[in-house]
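Owing to the predicted nature of the structure, the values given are computational and were not obtained by experimental measurement.
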Amino acid sequence: MQHHAYSRLGSFGGAGAAAPSPPSSPRRAWGRKASAKGAGAGAGRGGGGAVRRVSRAVLAALLRRQAVFLFAPLLYVAAMLLYMGSISLDSVPRIISRPAPGSMYHSPQLYARLRADMDADNATDALATVWRHAYKGGVWQPCISNSTYGLPEPNGYIYVEANGGLNQQRTSICNAVAVAGFLNATLIIPNFHYHSIWRDPSKFSDIYDEDHFVQRLKNDVRVVDKVPEFIMERFSHNMSNVFNFKIKAWSPIEYYKDVVLPKLIEERLIRISPFANRLSFDAPPAVQRMRCLANFEALKFSKPITTLSDTLISRMREKSTENNGKYVAVHLRFEEDMVAFSCCVFDGGDEEKKELDVARERGWRGKFTRPGRVIRPGAIRMNGKCPLTPLEVGLMLGGMGFSNNTSIYLASGKIYKAEKNMAPLLEMFPLLQTKETLASEEELAPFKNFSSRMAAIDYSVCVHSEVFVTTQGGNFPHFLVGHRRYLYGGHSKTIKPDKRRLAVLFDSPRIGWKSLRRQLLNMRSHSDAKGIQMKRANESVYTFPCPDCMCRSNKPEHSSNKSEHSSNKSEQSKPIQAR
């Protein structure tokens, strides 16, 4: 009976029948043996069907799950639409987008809110305590060595065209002196290239003392005012026939030795135009010495400029008697072209936008409207690239501790919307002066239509101030800072504000006067600490004259090093003799 029952269970293992679980061990061994073969075959067929059935079940479950996943987003969107339709839109919370800190011009609102506190806090005077930084290692002093040898026969003549404004031309002049000295060439007095932007037809002698320039350089470089006739005859008395080098910007001095010198010896006269920024910042000591000599010693402004400048300096000191003749000079770049070029937004609204769009198109046709050009005024302001307004200069100086009885000399061109923009600065500092207010119309008349001569007057008055404040980059402050270091023991006595930080401070809606003042005083202290800086690689000797143009004055061990350094300079300064 048992065997027959077992056989019937095994007979259900046909195709399409559900395979039952294997039975428990039989009670008798003989039943298992007798059915071993048949049971093995049935189990094989039943096992294959079971795998297929399980696979189909799993696949069906996955397909059902996939359908759910596919339709879930649609169901969610539908549910949200039904929900949104059932409530009032007024109750939906709104996401408010706020501008990034420092991206907006809110200085007028800040001034209106803090003005009373500023007026109440006017007891201190920063002019007496502004420069506290210890001269670590001692004061620096000029130490440009004098040449002790005669000049050999020159290799030829170099004629350069100095382009740009006053201080870009100054770069060309000093670099031309360095190159001419290095190549043992005679330098023709540089020609100033007339530019449509500056519109100044001034010649070298209109701005600089030509006789002093030639005399101061006579032991190092021959300088003449024109090319000799016998040389010009070779070129039919036409300078355009002279070979003109188109030299890449920031070329190393080795390029002049390897490429320019052979042509100079061959032609006896070469021309380099344009010449601004055509010599690398880094050069051998002999070349740096020539730059120092040209910039700090040989270049003096012409007699008319010096005379008026000295007069204005005296008048500024007379107006600063309460501060022992000390005054603050501020270089403010808020002319219309500067404001337009910055692409910054101020508080003039649509009218300001239209005016500056016109100014941009007039000065830089198509530059700011070309396809793909994206202008982000907020990002420009946050990066500290916007020119400081007169109001912001007043806030900054007041926060740095300068009282309203401080005499200020403002070096600037024509201020954009001057009547409106200058009013708050004059409220904060009523003793503010410009060259136009210090000088009479008759005194200014010979200079008025010459931008470079007017800039030279500003330069001179700023050099002799107790404090110089730079508000924007450019050649003017770069040269001026270096000149002040050369005159004042290596310390620039210059405040260079962190304009990124200023943008955030002036855009702070809740900042109080005490907090603002504390941070601005820290900024002033930072400028003091940075007053003495050594020139590093890829920096200009015209801005950082230490140690190429200056030496420490109070260390005995440096005196011997100084003379040794000077003699080394002399050895390296020997020009390349004619072949």
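- Between M422 and E419 the shortest side-chain heavy-atom distance does not fall below 4.5 Å.
- The closest side-chain heavy-atom distance from N295 to V541 is not below 4.5 Å.
- Looking at heavy atoms from C-beta onward, Y409 lies in side-chain contact with L438 at the 4.5 angstrom threshold.
- Take T543 and apply the side chain to side chain contact (heavy atoms under 4.5 Å, CB included) test, not counting sequence neighbours, and it matches H478, V481, R485, S540.
- Contact check for V461 versus K435: no side-chain heavy atoms found under the 4.5 Å cut-off.
- Separation of atoms CZ (R315) and CD (Q433) is listed at 10.5 Å; rounding is to 0.5 Å.
- Between Y111 and E427, the side chains place a donor N or O and an acceptor N or O closer than 3.5 Å (distance only, hydrogens not considered).
- The CG atom of L395 sits 8.5 Å away from the CG atom of L520 when rounded to the nearest 0.5 Å.
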Residues R360, D357; criterion salt bridge (Lys or Arg N to Asp or Glu O under 4.0 Å); working and verdict: CA-CA 5 Å; R360 277 189 284 269; D357 283 344; 2.8 Å; yes

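- For K496, there are no salt bridge (Lys or Arg N to Asp or Glu O under 4.0 Å) partners at least two apart in sequence or on another chain.
- Shown here are the disulfide bond (SG atoms under 2.5 Å apart) partners of C546, two or more places apart in sequence or in another chain: there are none.
- Note: I305 CD1 to M454 CE = 11.0 Å, rounded to the nearest 0.5 Å.
- We find the CZ-OH distance between F476 and Y459 to be 7.5 Å, quoted to the nearest 0.5 Å.
- Not counting sequence neighbours, the partners of Y486 by the ring pair (Phe, Tyr, Trp, His ring centres under 6.0 Å) test are F296.
- Contact of the I457 side chain with the R453 side chain is not registered, since no non-hydrogen atoms from C-beta on lie closer than 4.5 Å.
- The shortest side-chain heavy-atom distance between Y105 and R381 falls under the 4.5 Å cut-off.
- For the atom pair CG (N405) and CD (E322), the distance works out to 5.0 Å, reported to the nearest 0.5 Å.
- If you take CG on D528 and NZ on K493, they are separated by 10.0 Å, rounding to the nearest 0.5 Å.
- L431 has its side chain out of reach of I408: every pair of non-hydrogen atoms, C-beta onward, lies at least 4.5 Å apart.
- P190 and I173 get closest at one heavy-atom pair: CG-CG1, 4.1 Å.
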Intermediate values then yes/no, salt bridge (Lys or Arg N to Asp or Glu O under 4.0 Å), K420 and D347: CA-CA 11 Å; K420 170 198 167 188; D347 60 342; 3.1 Å; yes

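- The shortest heavy-atom contact between S280 and P252 is CB-CA, 4.1 Å.
- By the salt bridge (Lys or Arg N to Asp or Glu O under 4.0 Å) test, R113 pairs with no residue at all, sequence neighbours left out.
- Ring centroids of F245 and Y255 are separated by 6.0 Å or more, keeping the two rings apart.
- Closest non-hydrogen pair, F429 versus L397, comes out as CZ-CB, 3.7 Å.
- Aromatic pair F368/F341: ring centres closer than 6.0 Å.
- Residue K417 is tested with E355, E352, E335 for a salt bridge (Lys or Arg N to Asp or Glu O under 4.0 Å); the sole match is E355.
- Judged purely by distance below 3.5 Å, without hydrogens or angles, the side chains of S525 and R132 never pair a donor atom with an acceptor atom.
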Side chain to side chain contact (heavy atoms under 4.5 Å, CB included) between F346 and Y416, intermediate numbers included: CA-CA 12 Å; F346 296 92; Y416 175 60; over 6 Å; no

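- Put simply, the side chain of T306 does not reach to within 4.5 Å of the side chain of K300, judged on heavy atoms.
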Enumerate donor-acceptor pairs with a distance under 3.5 Å from any side-chain N or O in residues 467-474 to protein atoms, sequence neighbours excluded.
{"from": "T470", "atom 1": "OG1", "to": "Q472", "atom 2": "O", "distance (Å)": "3.2"}
{"from": "T471", "atom 1": "OG1", "to": "H331", "atom 2": "O", "distance (Å)": "2.7"}
{"from": "Q472", "atom 1": "OE1", "to": "K499", "atom 2": "NZ", "distance (Å)": "2.5"}

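- Listed here is the closest heavy atom pair of D507 and A100: OD2-O, 3.9 Å.
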